[in-house]
Amino acid sequence: MSETWSLGIKRLLARVNSFHQPGSSKSKCKLFVCNDQQIGWIREDAAEQLRRYPNVFVEHSDRFTLADHLNTYENRSEAVAQVVNDMRARDCLKTLRGWRDELYLVKSAYSQPPLFEIERAAASAFGIRKYGSHVNGYVIDQNGTWHMWIGKRSATKQTFPGMYDNMAAGGISLDLTPTECMVKECEEEATIPKELALEKLKSVGAV
């Protein structure tokens, strides 16, 4: 059973992680570059909207960049926020209907300094890499058998309602470390008190 499950997961991951494979939508996307660093991919439906804001987003043959005068974290964040709020008001991109009033840092890699901040719901419209903390929990019974805790998402969640999930998980917003994020999510999603989470949480790597 374990081997069958593992093969099924591998097949699913291959289907999901297919952006760089032949036949994907990659050829129809444009790079999103800021400060000479690639930070995302722009699909054509998003590109069509960004062309309305040439004072913020500049289109080139293969990419979009931010206008030259946007050269600080603060003025980039402000300009992008104005555009995203206007697009939300016009209801032109479906992803913006999931507005969260939560900000994410935009970086070329997790270890790099942030270039600006963006509303969580807008990040996917720009192909921006987002980061999250996830925790799985298990118990070992008296026979030595391992049992894994499986969460089920609320039926009212904006994304993937009612589906199975990690015991707790959440996106890392701009003011949280991975551990702080996980402590918060454990308390909110699994009623695990902060003291217990800090005692038992163990980092085992990143994907």
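The closest donor-acceptor contact from the side chain of Tyr131 to the backbone of Tyr110 lies under 3.5 Å. Not one N or O on the side chain of Glu117 forms a donor-acceptor pair closer than 3.5 Å with the backbone of Val106. Looking at Thr65, its side chain never comes within 3.5 Å of a backbone N or O of Val33 through a donor-acceptor pair. Judged by distance alone, the side chain of Glu48 and the main-chain N or O of Leu50 form no donor-acceptor pair under 3.5 Å. A donor-acceptor pair under 3.5 Å is absent between the side-chain atoms of Thr145 and the main chain of Asp141, judged by distance alone.
In terms of heavy atoms, Arg43 sits closest to Asp45 at NH2-OD2, 2.7 Å. For the pair Cys186 and Ala197, the tightest heavy-atom approach, listed with the atom from each and the gap, is CB-CB, 4.3 Å. Between Ala121 and Thr95 the shortest heavy-atom distance is O-OG1, 2.9 Å. Closest non-hydrogen pair, Ala168 versus Glu189, comes out as CA-OE1, 3.4 Å. Residues Leu115 and Cys34 share a closest heavy-atom pair of CD1-O, 3.8 Å. For Ser18 against Ser24, the heavy-atom pair with the smallest separation is O-CB, 3.3 Å.
If you chain together hydrophobic residues whose side chains sit under 4.5 Å apart, Val56 and Val84 fall into the same group. Residues Leu196 and Leu198 are members of one and the same hydrophobic cluster, defined by side-chain heavy-atom contacts under 4.5 angstrom among Ile, Leu, Val, Met, Phe, Trp and Tyr. Tyr73 and Leu66 fall into different hydrophobic clusters, where Ile, Leu, Val, Met, Phe, Trp and Tyr side chains are chained together by heavy-atom contacts under 4.5 Å. Taken together through direct or relayed side-chain contacts under 4.5 Å among Ile, Leu, Val, Met, Phe, Trp and Tyr, Ile39 and Val58 form parts of separate hydrophobic clusters. Hydrophobic cluster membership is shared by Val139 and Leu201, with clusters built from Ile, Leu, Val, Met, Phe, Trp and Tyr side chains linked at under 4.5 angstrom.
Residues Tyr104 and Ile128 are not in side-chain contact: their nearest non-hydrogen atoms beyond the backbone lie 4.5 Å or more apart. For the pair Ser203 and Met182, the minimum side-chain heavy-atom distance is 4.5 Å or more. Between Glu78 and Glu74 the shortest side-chain heavy-atom distance does not fall below 4.5 Å. Side-chain contact between Asn35 and Arg76: present, with at least one pair of heavy atoms (C-beta onward) separated by less than 4.5 Å. In this structure the side chain of Lys200 never reaches within 4.5 angstrom of the side chain of Ile192, judged on heavy atoms. For the pair Phe64 and Leu31, the minimum side-chain heavy-atom distance is 4.5 Å or more.
From Leu12, atom CG reaches atom CG of Leu7 across 12.5 Å, with rounding to the nearest 0.5 Å. Taken to the nearest 0.5 Å, the CH2 atom of Trp99 stands 13.5 Å off from the CZ atom of Arg120. With values rounded to the nearest 0.5 angstrom, Thr72 atom OG1 is found 12.0 Å from Phe116 atom CZ. Annotation: the span from Ser77 atom OG to Leu103 atom CG amounts to 8.0 Å, rounded to 0.5 Å. In this structure, Ser124 OG and Leu96 CG are separated by 8.0 Å, a value rounded to the nearest 0.5 Å. The line from CG of Asn136 to CG of Asn166 is 4.5 Å long, rounded to the nearest 0.5 Å.
The neighbour count for Arg129 CZ, taken as heavy atoms of other residues, nucleotides or ligands under 6.0 Å away, does not exceed 12. Other residues, nucleotides and ligands contribute more than 12 heavy atoms inside 6.0 Å of the NZ atom of Lys26.
Note on ring orientation: taking the six-membered ring where Trp is involved, the planes of Phe57 and Phe126 are parallel (angle under 30°, cut-offs 30° and 60°).
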(Q) Would Arg100 and Glu119 count as a side chain to side chain contact (heavy atoms under 4.5 Å, CB included) here? Give the steps. (A) CA-CA 7 Å; Arg100 304 291 286 271; Glu119 155 65 29; 3.6 Å; yes
Q: Check step by step if side chain to side chain donor-acceptor pair (under 3.5 Å) holds for Thr177 and Thr179.
A: CA-CA 5 Å; Thr177 67; Thr179 298; 4.9 Å; no
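Pairs engaging residues 59-71 under the salt bridge (Lys or Arg N to Asp or Glu O under 4.0 Å) rule: Lys30-Glu59, Arg51-Glu59 [sequence neighbours left out]. Legend: salt bridge (Lys or Arg N to Asp or Glu O under 4.0 Å) pairs involving residues 161-186, not counting sequence neighbours, sorted by first then second residue: Arg153-Asp165, Lys184-Glu188. The salt bridge (Lys or Arg N to Asp or Glu O under 4.0 Å) analysis of residues 87-98, with sequence neighbours excluded, yields the pairs Asp86-Arg90, Asp91-Arg97.
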